[in-house]
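In what follows, a structure is listed as structure tokens, so that the remarks can point back to it.
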Amino acid sequence: MIEVARDGAVAVLTIDRQDALNALNVETLTELRDRLRELADDAGVRAVVLTGAGDKAFVAGADIKYMSGLGPDEARAWGGLGHEAASLLETMPKPAVAAINGFALGGGCELALACDLRYASSRAKLGQPEINLGIVPGWGGTQRLARVCGIAVAKDLIYSGRTIDAEEALRVGLVNAIADPVLETALEVAHGLAEKAPLALAAAKSLINRSPAALGADAEEFGALFASADTKEGLTAFLEKRKPEFRGA
Ligand code: CAA
């Protein structure tokens with residue numbers, strides 16, 4: 001099941017299927033996709049934290065038992081569902097922060113990669129072990145891991161299927177920082193982001209996520225922000241030496 005808790009303007013999504021190390025089956029992944037859709041559209045939510053229940057796993061991947069019975073068409077649909085969830089994290093107009101509290105393997109690592117920021121507990125283990133099952137990352141990991149860590153690291157991890165610890169994940173840029181307790185740090189970061197100007201943050205996210213071919217599009221987005229009250233407020237507050245109050249308009 002997926003638990004959604006609100007902490008002010010921050011929503012915390014917890015994936016809870018602890019008897020399978022929070023591996024995602026159809027029911028859990030569908031519920032995650034649906035909750036992400038709601039949070040993406042909820043203007044009262046300014047940042048989202050994604051984590052796993054318990055102290056062992058963030059998400060140990062897609063459910064291997066379920067996948068073992070799939071034919072190609074069903075597997076395509078299963079890949080599509082994972083893509084929907086990952087794309088929502090990547091495109092929602094607010095930051096998504098992964099609090100990686102244990103195993104983040106396969107689809108779990110891919111969901112973390114779709115978040116804007118990743119924090120890992122010192123006991124976290126990350127990787128794309130799909131090759132060991134005779135498959136490849138199916139929820140965007142090949143592209144997102146290469147984008148986040150570079151092609152050489154993506155090829156090392158995806159070809160070898162090896163699992164890395166938090167220290168190595170930090171060294172290769174897969175996580176932003178190691179923190180214990182990790183949820184506390186992720187929440188602190190999310191609350192800090194929730195205080196920023198929402199429109200500017202959404203524009204920054206959308207621009208950073210664009211391909212290099214979109215270079216130059218920032219001038220358009222930059223200009224459009226000047227129609228918003230928040231941009232005026234941010235600029236004025238600086239000049240008036242006070243803290244800005246952003247309203248999302
Ligand atoms: N799917 C289904 N069940 C899983 C699972 C998964 N991905 N990962 C763990 N579990 C289950 C185990 O089967 C076990 O259940 P039972 O007690 O009923 O046997 C339970 O969770 C606990 O797991 P372990 O006993 O194996 O725990 P461990 O501490 O010895 O090992 C582990 C932990 C190294 C994470 C090991 O469970 C493991 O290797 N899991 C599989 C990881 C993996 O390969 N993930 C990628 C899946 S493919 C994918 O995600 C495709 C994609 O791109 C979408």
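Order of appearance sets the numbers: ligands from 1, and atoms from 1 within every ligand.
Few gaps surround CG on Leu133; more than 12 heavy atoms of other groups in view lie less than 6.0 Å from it. Under a cut-off of 6.0 angstrom, the local environment of CD in Glu38 is crowded, with over 12 non-hydrogen atoms contributed by other residues, nucleotides or ligands. When the shell of 6.0 Å around CD of Gln18 is examined, it contains more than 12 heavy atoms from other residues, nucleotides or ligands.
In this structure, the protein non-hydrogen atom closest to atom 37 (O) of ligand 1 is Leu21 CD1, 3.7 Å. The nearest heavy-atom contact from the protein to atom 54 (C) of ligand 1 is Trp139 CE2, 3.2 Å. The protein heavy atom nearest to atom 29 (O) of ligand 1 is Phe103 CE1, 4.4 Å. The protein heavy atom nearest to atom 10 (N) of ligand 1 is Ala20 O, 3.7 Å. The closest protein non-hydrogen atom to atom 39 (O) of ligand 1 is Leu105 CD1, 4.8 Å. For atom 5 (C) of ligand 1, the closest heavy atom belonging to the protein is Ala23 CB, 3.8 Å. The protein heavy-atom contact nearest to atom 14 (C) of ligand 1 is Asp19 O, 4.4 Å.
Shown here, atom 12 (C) of ligand 1 is out of close reach of the protein: none of its heavy atoms lies under 4.0 Å off. For atom 19 (O) of ligand 1, the nearest protein heavy atom lies 4.0 Å away or farther. Distance screen at 4.0 Å: atom 44 (O) of ligand 1 has a protein heavy-atom neighbour inside the cut-off. Atom 7 (N) of ligand 1 lies below 4.0 Å from at least one non-hydrogen atom of the protein. For atom 16 (P) of ligand 1, the protein comes within 4.0 Å by no heavy atom at all. There is no protein heavy atom less than 4.0 angstrom from atom 26 (O) of ligand 1. Within 4.0 Å of atom 50 (O) of ligand 1, at least one protein heavy atom is present. Atom 23 (O) of ligand 1 lies below 4.0 Å from at least one non-hydrogen atom of the protein.
Closest heavy-atom contact between Leu13 and Val4: CD2-CG2, 3.5 Å. Counting all heavy atoms, side chain and backbone alike, Lys196 lies closest to Arg46 at O-NH1, 4.2 Å. Contact detail for Leu174 and Arg118: the closest heavy-atom pair is O-NE, 2.8 Å.
The contact set between ligand 1 and Gly106, taken as ligand atoms under 4.0 Å from a residue heavy atom, comprises 46 (C), 50 (O). Counting atoms of ligand 1 from 1 in the listed order, those under 4.0 Å from a heavy atom of Glu130 are 48 (S), 49 (C), 50 (O), 51 (C), 52 (C), 53 (O). Using a 4.0 Å cut-off to heavy atoms of Gly61, the atoms of ligand 1 that qualify are 50 (O). Interface of Pro137 with ligand 1, defined as ligand atoms under 4.0 Å from a residue heavy atom, comprises 53 (O). Ligand-side atoms of ligand 1 in range of Asp63: 1 (N), 2 (C), range being under 4.0 angstrom from any heavy atom.
Electrostatic pairing of Arg123 and Asp55 does not count as a salt bridge here, judged by no charged N lying under 4.0 Å from a carboxylate O. We find that Asp165 and Arg171 are not joined by a salt bridge, their nearest charged nitrogen and carboxylate oxygen being 4.0 Å or further apart. Contact check on Arg247 versus Glu233 returns no salt bridge, with no Lys/Arg side-chain nitrogen under 4.0 Å from an Asp/Glu carboxylate oxygen. In this structure, Glu31 does not pair ionically with Arg17, as no charged nitrogen and carboxylate oxygen lie closer than 4.0 Å. At a threshold of 4.0 Å, the pair Glu3-Arg35 does not count as salt-bridged, since none of the basic side-chain nitrogens sits closer than that to a carboxylate oxygen.
Side chains of Asn132 and Glu130: no donor on one and acceptor on the other come within 3.5 Å.
Note on Leu113: it clusters hydrophobically with Leu29, by side-chain heavy-atom contacts below 4.5 Å among ILVMFWY residues. Residues Leu201 and Leu39 fall into different hydrophobic clusters, defined by Ile, Leu, Val, Met, Phe, Trp and Tyr side chains chained together at heavy-atom separations under 4.5 Å.
At distances below 3.5 Å, not a single donor-acceptor pair connects side-chain atoms of Ser121 with backbone N or O atoms of Asp180. Judged by distance alone, with hydrogens and angles left aside, the side-chain atoms of Asn101 form no donor-acceptor pair with the main-chain N or O of Thr51 at under 3.5 Å. Counting only distance, with no hydrogens or angles, the side chain of Lys205 and the backbone of Lys94 share a donor-acceptor pair below 3.5 Å.
Using a 4.0 angstrom heavy-atom cutoff, Thr163 does not count as in contact with ligand 1. For the ligand labelled ligand 1, residue Gly138 lies inside the 4.0 Å heavy-atom shell.
Residue Pro129 touches ligand 1 through its side chain alone, judged by heavy-atom distances below 4.0 Å.
Considering both main-chain and side-chain atoms, Ala60 comes within under 3.5 Å of ligand 1 through a nitrogen or oxygen pair. For ligand 1, the polar-atom distance check against Ala62 finds a nitrogen or oxygen pair separated by under 3.5 Å. Annotation: Lys65 places no N or O atom under 3.5 Å from an N or O atom of ligand 1; distance criterion only. The distance criterion of under 3.5 Å between nitrogen or oxygen atoms is met by Gly107 with respect to ligand 1. For ligand 1, the polar-atom distance check against Ile64 finds a nitrogen or oxygen pair separated by under 3.5 Å.
Of the candidates Thr142, Leu81, Leu133, the one placing a heavy atom closest to atom 48 (S) of ligand 1 is Leu133. Remark: among candidates Glu110, Lys125, Met67, Lys56, the nearest residue to atom 53 (O) of ligand 1 is Glu110, based on non-hydrogen atoms.
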